[in-house]
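Take a look at the structure below.
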Amino acid sequence: MYRVNEIFHSVQGEGSYLGCPATFVRLSGCNLNCAWCDTDHSEKEFLTAEEIANRVDYEKVIITGGEPTIYDLKPLLLELKKRGKKTMLETNGTNPTDDIRHLLDWIVCSPKPETNWAINERCLFDELKYVVDGNFEPEIHIPKGIKEKYKDRIWLQPESSNFNLRSKEAFYFAMKDSSLRVGIQLHKIINVR
Ligand SMILES: Nc1nc2[nH]cc(C(=O)O)c2c(=O)[nH]1
Ligand code: SF4
Ligand SMILES: [Mg+2]
């Protein structure tokens with residue numbers, strides 16, 4: 001059983017798949033407690049893998065939270081793959097993903113200040129997303145090897161409560177280091193889910 005906050009249909013508002021319609025599965029609970037956490041991940045429903053998969057309408061499904069890797073995601077991912085879904089995960093990078101990598105088409109890792117932007121050595125991913133929050137410094141907080149390996153797939157996302165100022169910071173960071181990329185949260189700008 002999974003503790004679920006919400007299942008909704010929207011458009012990916014962040015990262016490489018920006019603009020793609022997708023079903024979002026927001027699992028409840030998180031292993032961190034970030035100061036600027038903007039997400040309600042309280043529990044609303046208890047659902048089985050099959051019950052969740054039955055509610056996924058779009059081909060793309062984004063599993064998010066909270067922190068989805070606090071669950072054993074295998075049963076859910078197997079159920080989604082059985083239905084031919086393209087599976088995507090949003091994780092804070094603190095837990096391994098190597099054991100579920102083969103069941104995921106895309107993994108977004110978003111390290112957090114709460115852990116000093118650490119990434120678990122068994123956390124495999126396809127792209128990185130850093131929130132530009134006034135404390136984040138690319139030169140200090142992004143490991144050098146990662147910068148080279150993930151060039152053009154490292155998103156700098158302005159923190160939304162101070163969007164104009166943080167966006168400008170993100171611009172300057174990217175202009176100084178061309179492996180970085182300025183991102184947005186489209187859903188927040190247009191105020192949809
Ligand atoms: N539209 C939309 N795109 C998103 N991409 C990542 C989200 C998340 O909360 O993990 C999210 C979200 O909550 N809404
Ligand atoms: S990792 Fe994400 S969901 Fe968890 S507290 Fe931090 S911002 Fe919120
Ligand atoms: Mg969000």
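Counting starts at 1 for both ligands and their atoms, in listed order.
- Relative orientation of the F173 and F136 rings is perpendicular, given thresholds of 30° and 60° on the angle between their planes.
- In this structure a side-chain-to-backbone donor-acceptor pair under 3.5 Å is missing from Y71 to M1.
- L77 has its side chain within reach of I63: a pair of non-hydrogen atoms, C-beta onward, lies under 4.5 Å apart.
- In terms of protein heavy atoms, atom 9 (O) of ligand 1 is closest to R26 NH1, 3.1 Å.
- Within the listing of ligand 1, atoms 6 (C), 10 (O) sit less than 4.0 angstrom from a heavy atom of E90.
- At the shortest separation from atom 5 (N) of ligand 1 among protein heavy atoms lies Q12 OE1, 2.5 Å.
- Among protein atoms, those of element N, O or S found less than 2.8 Å away from atom 8 (Fe) of ligand 2 are C37 SG.
- At under 3.5 Å, a nitrogen or oxygen of G13, whether backbone or side chain, sits near a nitrogen or oxygen of ligand 1.
- By the criterion of a heavy-atom distance under 4.0 Å, the backbone of R193, and not its side chain, is placed next to ligand 1.
- N31 and E67 are not linked by any side-chain donor-acceptor pair at a separation below 3.5 angstrom, with hydrogens and angles left out of the test.
- Where the criterion is an N or O separation shorter than 3.5 Å, residue side chain and backbone included, V11 meets it with respect to ligand 1.
- Ion pairing between a basic and an acidic side chain is recognised when a charged N comes within 4.0 Å of a carboxylate O; K86 and E59 show no such pairing.
- Here V192 has no heavy atoms under 4.0 Å from ligand 1, in either its backbone or its side chain.
- For ligand 1, the polar-atom distance check against T39 finds no nitrogen or oxygen pair separated by under 3.5 Å.
- For atom 11 (C) of ligand 1, the nearest non-hydrogen atom of the protein is F24 CE2, 3.5 Å.
- Under a cut-off of 6.0 angstrom, the local environment of NZ in K168 is sparse, with at most 12 non-hydrogen atoms contributed by other residues, nucleotides or ligands.
- Within ligand 1, counting atoms from 1 as listed, the ones closer than 4.0 Å to a heavy atom of S10 are 1 (N).
- Pairing each heavy atom of G13 with each of L18, the nearest pair is O-CD1, 2.9 Å.
- Considering both main-chain and side-chain atoms, T64 comes within under 3.5 Å of ligand 1 through a nitrogen or oxygen pair.
- Atoms of ligand 1 lying under 4.0 Å from at least one heavy atom of E14, given by number and element, are 5 (N), 6 (C).
- At a threshold of 4.5 Å between side-chain heavy atoms, the hydrophobic network of Ile, Leu, Val, Met, Phe, Trp and Tyr places L103 and L73 in one connected group.
- Salt bridge status for R55 with E45: present, with a side-chain N to carboxylate O gap under 4.0 Å.
- Ring orientation note: the planes of F24 and F8 are close to parallel, at an angle under 30° on the 30°/60° scale.
- Summarising the geometry of P158 relative to A170, their closest heavy-atom pair is CG-CB, 4.4 Å, with the distance given to 0.1 Å.
- With 3.5 Å as the limit, one finds no donor-acceptor pair spanning the side chains of S28 and H41.
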